[in-house]
S.K.: 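First, the structure itself, so that you have it in front of you.
These values consider heavy atoms only, across backbone and side chains, with no hydrogens, waters or symmetry-generated copies.
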Protein chains: 2
Amino acid sequence: MDTPPTTTDWLRLDQQICFSLNAASRAFGSVYRVILKDLGITYPQYLVMLVLWEHGDLPVKKLGEHLRLDSGTLSPLLKRLEAAGLVRRERSARDERSVEVRLTEQGVALRERAERVPRRIAAATNFDVDEISALRARLDQLTSALDAAVHAELPDEG
Amino acid sequence: MDTPPTTTDWLRLDQQICFSLNAASRAFGSVYRVILKDLGITYPQYLVMLVLWEHGDLPVKKLGEHLRLDSGTLSPLLKRLEAAGLVRRERSARDERSVEVRLTEQGVALRERAERVPRRIAAATNFDVDEISALRARLDQLTSALDAAVHAELPDEG
DNA sequence: AGCCATTTGGTTGCGTACAATTGAATTGCG
DNA sequence: CGCAATTCAATTGTACGCAACCAAATGGCT
């Protein structure tokens, strides 16, 4: 009744941490897919719009820093947003390497329709604001630790 | 100092819940990528192997239920595992619609090398077992709520 | 001025995710 | 038995996410 954990237990426990995280992330994806269908954008595209609405026009680099995404992900995504008419991409005059991402009128206008989204999401989680804050803090803490581990070239054991 | 939250606050808070989740999930991905490189498999492939090690040979359907993945994801993934020699896919004799996924000798043997993985991951998180359990429980609760919301065809507001 | 490391986006290739469709096999029902 | 509905896997098409590589532009240094 109180045997020490076997290797099998470790393998199972292990699955559950990251698996639960993964599952929650994908479950969120499903909810967003439904809610964002009206707006005609995907969840990652919505994240980009959130950043632009909050911070105004930004170069791709800055966008990537806010979202933890690199150009390999952002370039095609931004092209789709541009094709949808929500965003323009313009080479910076000052630094020709840089591409400024600018909201179009449509992009600005979309914000109004997006304002209903957060409340609907919050309702779907069935968590209150404090619970969400606590969970978010925990997750950020976890992310920091994982980032540090990756950059530390991963020591072999604990 | 105690003004009610504006719509902008909502949009920001909203970003943080799902964004933190997403970020944590991707951070885990980076850690697993490094740790699993030795084994020559990706994280989702590792999940499949975990299920097979725990439950033995399974049809694709059952595998998908354990992992919350559909055949569109599993089919190509399983082909890659088969190409790597870790798994065989065989049409069930009893039900020709079903495909049994079976571990090869190599697949069974890989388990031994995989046994070091969980401890290394746990070390990278910098969380103790209880913290991990608590977080996992919270995430599962969240996933359940989100699943319910999706299946309930998403009521408009909270 | 000339050279070179760095910065910045873009592209390619691979591997998930998932909706939608297809097609074969099976089951259920009259 | 015969046929319609269902089940199951595969395929197709779209969209991330990221590593690896590339090219243009910049800035520092001599």
S.K.: Rounded off to whole Å, could you give me the CZ-to-C1' distance for the B/Phe28 and D/dG17 pair?
M.R.: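 From B/Phe28 CZ to D/dG17 C1': 17 Å.
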
S.K.: Taking CG from B/Leu67 and C1' from C/dT16, how many angstroms apart are they, rounded to a whole number?
M.R.: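 So the CG-C1' distance, B/Leu67 to C/dT16, works out to 13 Å.
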
S.K.: Which label fits A/Tyr32 and A/Tyr46: parallel for a plane angle under 30°, tilted from 30 to 60°, or perpendicular past 60°?
M.R.: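 Correct class here is tilted.
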
S.K.: Please list, pair by pair, any protein nitrogen or oxygen found under 3.5 Å from a nitrogen or oxygen in nucleotides 21-29 of chain D.
M.R.:
unit_1: D/dT26; atom_1: OP1; unit_2: A/Glu96; atom_2: N; d: 3.3

S.K.: Show the nearest heavy-atom pair for residues A/Leu81 and A/Ile41, with the distance to one decimal.
M.R.: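 Looking at all heavy atoms of both residues, the closest pair is CD2-CG2, 4.2 Å.
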
S.K.: If you take all heavy atoms of A/Phe127 and B/Arg138, which pair is closest and at what distance?
M.R.: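 Residues A/Phe127 and B/Arg138, closest heavy atoms: CZ-O, 3.8 Å.
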
S.K.: Choose from C/dA19, C/dG9, C/dA17 the nucleotide whose nearest atom is closest to any side-chain atom of A/Pro59.
M.R.: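 Nearest to the side chain of A/Pro59 among the choices is C/dG9.
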
S.K.: To the closest 0.5 Å, what do you measure between CG (A/Leu103) and CG (A/Leu86)?
M.R.: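 Spacing of CG (A/Leu103) from CG (A/Leu86) equals 8.5 Å.
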
S.K.: Looking at every non-hydrogen atom in both residues, tell me the closest pair between B/Leu58 and B/Leu52 and how far apart they are.
M.R.: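 That would be N-CD2, 4.2 Å.
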
S.K.: For A/Thr42 and D/dC16, is the shortest distance between a side-chain N/O and OP1 or OP2 below 4.0 Å?
M.R.: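 Checking D/dC16 against A/Thr42, a side-chain N or O does come within under 4.0 Å of OP1 or OP2.
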
S.K.: Given atom CZ of A/Arg26 and atom C1' of C/dA19, what is their separation to the nearest angstrom?
M.R.: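 To the nearest whole Å, that distance equals 15 Å.
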
S.K.: Indicate yes or no: does B/Asp147 engage B/Arg68 in a salt bridge with an N to O separation below 4.0 Å.
M.R.: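 Result for this pair is yes, salt bridge flagged.
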
S.K.: Rounded off to whole Å, could you give me the OH-to-P distance for the B/Tyr43 and C/dT16 pair?
M.R.: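 Answer to the nearest Å: 12 Å.
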
S.K.: Identify all pairs in which a protein N or O lies below 3.5 Å from an N or O of nucleotides 10-13 of chain D, and state each distance.
M.R.:
unit_1: D/dA10; atom_1: OP1; unit_2: B/Arg89; atom_2: NH1; d: 3.0
unit_1: D/dA10; atom_1: OP2; unit_2: B/Ser75; atom_2: OG; d: 2.8
unit_1: D/dA10; atom_1: N7; unit_2: B/Ser71; atom_2: OG; d: 2.8
unit_1: D/dT11; atom_1: OP2; unit_2: B/Lys79; atom_2: NZ; d: 2.6

S.K.: How long is the straight-line distance from CG of B/Leu50 back to CG of B/Leu47, given to the nearest 0.5 Å?
M.R.: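 Taking CG in B/Leu47 and CG in B/Leu50, the distance rounds to 6.0 Å.
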
S.K.: Whole angstroms only, please: what is the CG-P distance between B/Asp70 and C/dT21?
M.R.: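 To the nearest whole Å, that distance equals 15 Å.
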
S.K.: May I ask you to decide if A/Thr143's main-chain N or O and A/Asp140's side chain share a donor-acceptor pair within less than 3.5 Å?
M.R.: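 The answer is no, because no donor-acceptor pair under 3.5 Å joins these two groups.
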
S.K.: Between A/Lys61 and A/Ala27, just flag the one whose closest nucleotide in DNA chain C comes earlier from the 5' side.
M.R.: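 In this pair, the answer is A/Lys61.
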
S.K.: Once side-chain hydrogen bond (donor to acceptor under 3.5 Å, both in side chains) is applied, what residue pairs with a partner in residues 77-90 of chain B remain, sequence neighbours excluded?
M.R.: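 Checked against side-chain hydrogen bond (donor to acceptor under 3.5 Å, both in side chains) - neighbours excluded - the pairs reaching residues 77-90 of chain B are B/Glu82-B/Arg89, B/Arg88-B/Glu90, B/Glu90-B/Arg102.
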
S.K.: Which of the following nucleotides, D/dA15, C/dT16, D/dC8, is nearest to the side chain of A/Gln45?
M.R.: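 Nucleotide nearest to A/Gln45's side chain: D/dA15.
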
S.K.: So, is A/Arg80 close to the D/dT14 phosphate, meaning a side-chain N or O under 4.0 Å from OP1 or OP2?
M.R.: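 So the side chain of A/Arg80 is outside the cut-off, no N or O lying under 4.0 Å from OP1 or OP2 of D/dT14.
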
S.K.: Can you check the B/Arg68 CZ to C/dA19 P distance for me, whole Å?
M.R.: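 Between P of C/dA19 and CZ of B/Arg68: 12 Å.
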
S.K.: Rounded to the nearest angstrom, tell me the gap between atom CZ in A/Arg33 and atom C1' in D/dT14.
M.R.: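 So the two atoms are 11 Å apart, to the nearest Å.
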
S.K.: When the distance from OH of A/Tyr32 to C1' of D/dA15 is rounded to whole Å, what number comes out?
M.R.: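 It is 18 Å, rounded to the nearest whole Å.
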
